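The block underneath contains the structure these notes are about, expressed in structure tokens.
Residue numbering restarts at 1 for every chain, and letters A, B, ... go by the order of the sequence lines. Note that the coordinates shown come from a computational prediction; the quantities given were computed from them, not determined experimentally. What's counted below: heavy atoms across the whole structure, side chains too, no hydrogens, waters or symmetry copies.
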Amino acid sequence: MSLAVTSTSRGRHYEALPVAIFLVLALAPLAAAFGAETYLLGLFTRVMIYGIAALALDFICGYGGLVSFGHAAFVGIGAYTAGIFSAHGITDMAITLPVALLVSALFAWLTGTVCLRTKSVYFIMITLAFGQMIYFVAGSLSPYGGDDGMTLKLRSTLFGFPVLQNDRALYYAVLVFLLASYLLCRAIVASRFGRVFRGARDNPTRMATIGYDVFRYQRVAYVIAGCLGGLSGFLLANATEFVSPSFMSWQRSGELIIMVLFGGIGTLHGAIVGAAAFLLLEDMLGGITENWKLIFGPMLVLIVLFARGGLLGLTQSLWERLRRG
Amino acid sequence: MAEPVPNPVLRIENLRKSFGGLVVTDGVSLDINAGELHAVIGPNGAGKTTLINQISGTLEPSSGAIYLNGDDITALPPNRRAERGLARSFQITSVLPRFSALENVALAVQARSGSSYQFIGRADRESALNDAAMQALTEVSLDSRADILAAHLSHGEKRALELAIALAMQPKLLLLDEPMAGTGPKESERLIVVLQRLKGRFAMMLVEHDMNAVFALADRISVLTYGRILASGAPAAVRADPAVMTAYLGEELE
Amino acid sequence: MSLTLLIVQTLNGLQFGVLLFLIAAGLTLVFGVMDFINLAHGVQYMLGAYLAVMFYALTGNFLIALVLALAAALLLGLLLEFTVFRHLYDRDHLEQVIATFGIILFLNQGVKVVWGAAPLSLPIPDMFAGTIVLSPGILYPIWRLMIIGAGLAVALILYLLVSRTRVGMLVRAGATHARIVSALGIDIRRLFMIVFGFGTMLAAFAGVMIAPILSVEPGMGDSVLILAFVVIVIGGIGSMRGAFIAALLIGLVDTLGRSFSIDILRLIMPPSPARTVGPAIASMLIYVLMALVLYFRPAGLFPAKGR
Ligand SMILES: Nc1ncnc2c1ncn2[C@@H]1O[C@H](COP(=O)(O)OP(=O)(O)O)[C@@H](O)[C@H]1O
Ligand SMILES: [Mg+2]
């Protein structure tokens, strides 16, 4: 319980942070032009794509107390929708994206109906299990590459135009989607709906006795988060021009949780920072040794044991200590 | 819908609840009429909270029936009962700790005014909700603490907040589970005054150990021991009932 | 022919179920008593297998390897408990998940570094190698029967321990009323260590027993762990009886589903789509089963009271 803090009264430097994050993301391609452009563009595109998925997870986890360990399933569903359509020669986003969102929503609605009747640790295990189910189903789709996955023939088009073909165009498209997702989540959290959803985390019994059907609100929120996960997967398939069951392995779900935790749970923009921190760290440690998980694993343990509140929480407390002198 | 005789607001018929072998509600039947304040007293462990839990829907009875304004609500979930005008407070304070006092109450107002499936627009800036919430806070003299997080309120203030949340629901029937438990004599006095003012606006069931409060407020009293109603009637009659004297009231009145 | 296959696959399903039970039993105990969600339980199963391979290479004797592997797994488990887990018991489930996830990453990689990424194998002890004739025309590997037997024996021992001993009584009480048990002045730390050590040994035992018929490789504990979760969720967290029944159920449904889904689908559709759809449906079966059980009984088949 101690981890999540809803900040209804955000400080001023708190508001500055999301603005700064998006400014950096908007300007990054310009800086990238001076060197290692493809590498940096690719990396930041991935950061933003995972940022969308992590954002969605932070929305249900940080504000609703619903710790989902199967969120990569939605990423996989979004990616496979794009992939399967592409295998049949359909690439127009006007068709494929809505379908990807719809399928994600449907999966969220169905599994949410089961998961959300249960509590805390059951919820963790069941979301994990459903995630694994989708993983195995994807692996059994032999027409679409089975365990090996498949490459996409073409990135998505819009009304026939190859709008995402250029890496930079893809980058900015992803940025727009990220910004839209962020603003959407922020608006929802503060809305009537969001207030009920947050209340349900604090005290579901109380919410029920003042007249809210907690389960329905949570399910709607779960569907929203599922859609955003699907969006993330859809973009990921476009960025990598490849889909495979590994997109939805349970380790991926774990990594999404780690991103949320890294950024500090229950802040939304923190999820983006967390995604960046995770992917950069993975890249950095991976550059040092192929056995980077030997370092990363214990790091996670140490963070949990000693740095509650994630990176943002850590910097914030350092910042406050500095200001007080 | 047209009923020949006015229904009681609450009617409980032969309610039973057992946990394993332990019978905690043992054939309870009682009525609460419109505007009436019905006190339920009884020693600890008599089954008072269990009774309230069954009426409010957080606990399923083993058998029996509960009617609210003539409608059978025995199988309804708590939220549907709340929609029909049933509000309650909890013996063990149950508020939303990470919300301000005002938002705690505003959520109760929100539940009764328009849809909560609105995804944009800041709820905390809706003046209609905030005004109504503030009014409820004022009723319990908590208006000066509106912006404090519920987690940071004192025990007495949390008790008052519970009451404000219930009031904001504009209930037809209010169930109060030991609203004075753990509060000082001063706060109890104040709460009695508040309840006195509210009396008559809606029906109330008051579970309370504070006999001053009970005899000052109640129109009728039911005495519950071992899950059964031992006696039920006007305060004076209950006070004079020899069975009640020996079973329960005796020591406390002397 | 088809009946033979049915019998063989039913036995395979039982064997798989028994294996799942060995893993799920420890998990459900640890969770039930300590309210601690331990993702690293699966790597303890993997460690059991690796340690057995290592000790077998050193001693050349399966039984000695088994005993040494169990002892070593227990030591490693207690080391983990001492250094990490005991600081997590009173934390969020989310924090427990992250920290134990970190341990999985570390151990999976560590195993790769120490023993290499290539799959290893452990020979079946000579005594139990080969097959026996169950009935005319039905051959079955003896080692698989050994696994079934060992698993059932462990289930019986567990049942006796939990229902007849003092520690077992505390475990039962702890699974339903952890607070009351600690309020009674029982040394809860010690109880936790005993339960945890026991769970670790059970997982390691499963790893050793399965090593002769499965390749021993990094990450082998991960998917088993998730199946064990499905088992304890269906059975009801904290319930040993639930874990046993659910494990056999999952083992049978999964095994039979995988071997017969295509045949069954061919009854209602042409062979080619049946070959495509069959495996997909088979891989979903146990999760659909879980969904159905939870839809009707959100706390599982044998819910522990008071949770
Ligand atoms: N969930 C439960 N499971 C088992 N016994 C319960 C449960 N809830 C209450 N009880 C028992 O029911 C009896 C009545 O409790 P309660 O209704 O809280 O009494 P009161 O409010 O009158 O003090 C007590 O003996 C209590 O231990
Ligand atoms: Mg009580």
Which answer fits A:Ile126, side chain, backbone, both or neither, if we ask what part of it has an atom under 4.5 Å from a heavy atom of chain C? both
Quick one: what part of A:Ile124 sits under 4.5 Å from any heavy atom of chain C, side chain, backbone, both or neither? side chain
If you take all heavy atoms of C:Ser223 and A:Gln132, which pair is closest and at what distance? CB-NE2, 3.9 Å
Do side-chain atoms of C:Tyr287 reach the backbone of A:Ile134 as a donor and acceptor pair under 3.5 angstrom? no
Part of C:Leu285 within contact of chain A (heavy atom distance under 4.5 Å): neither
Heavy-atom distance under 4.5 Å to chain A: side chain of C:Val277, backbone, both or neither? neither
Short question: side chain of A:Tyr122, backbone of C:Ala299 - any donor-acceptor pair under 3.5 Å? yes
Segment of A:Gln251 engaging chain C (4.5 angstrom heavy-atom cut-off): both
Side chain from CB out, backbone as N, CA, C, O: work out which of these in C:Ile281 comes under 4.5 Å of a heavy atom of chain A, or both, or neither. neither
In terms of heavy-atom proximity below 4.5 Å to chain C, should A:Phe69 be classed as side chain, backbone, both, or neither? side chain
Under 4.5 Å from any heavy atom of chain C - which part of A:Val67: side chain
Correct closest heavy-atom pair for C:Val230 and A:Ala129 would be CG2-CB, 3.7 Å
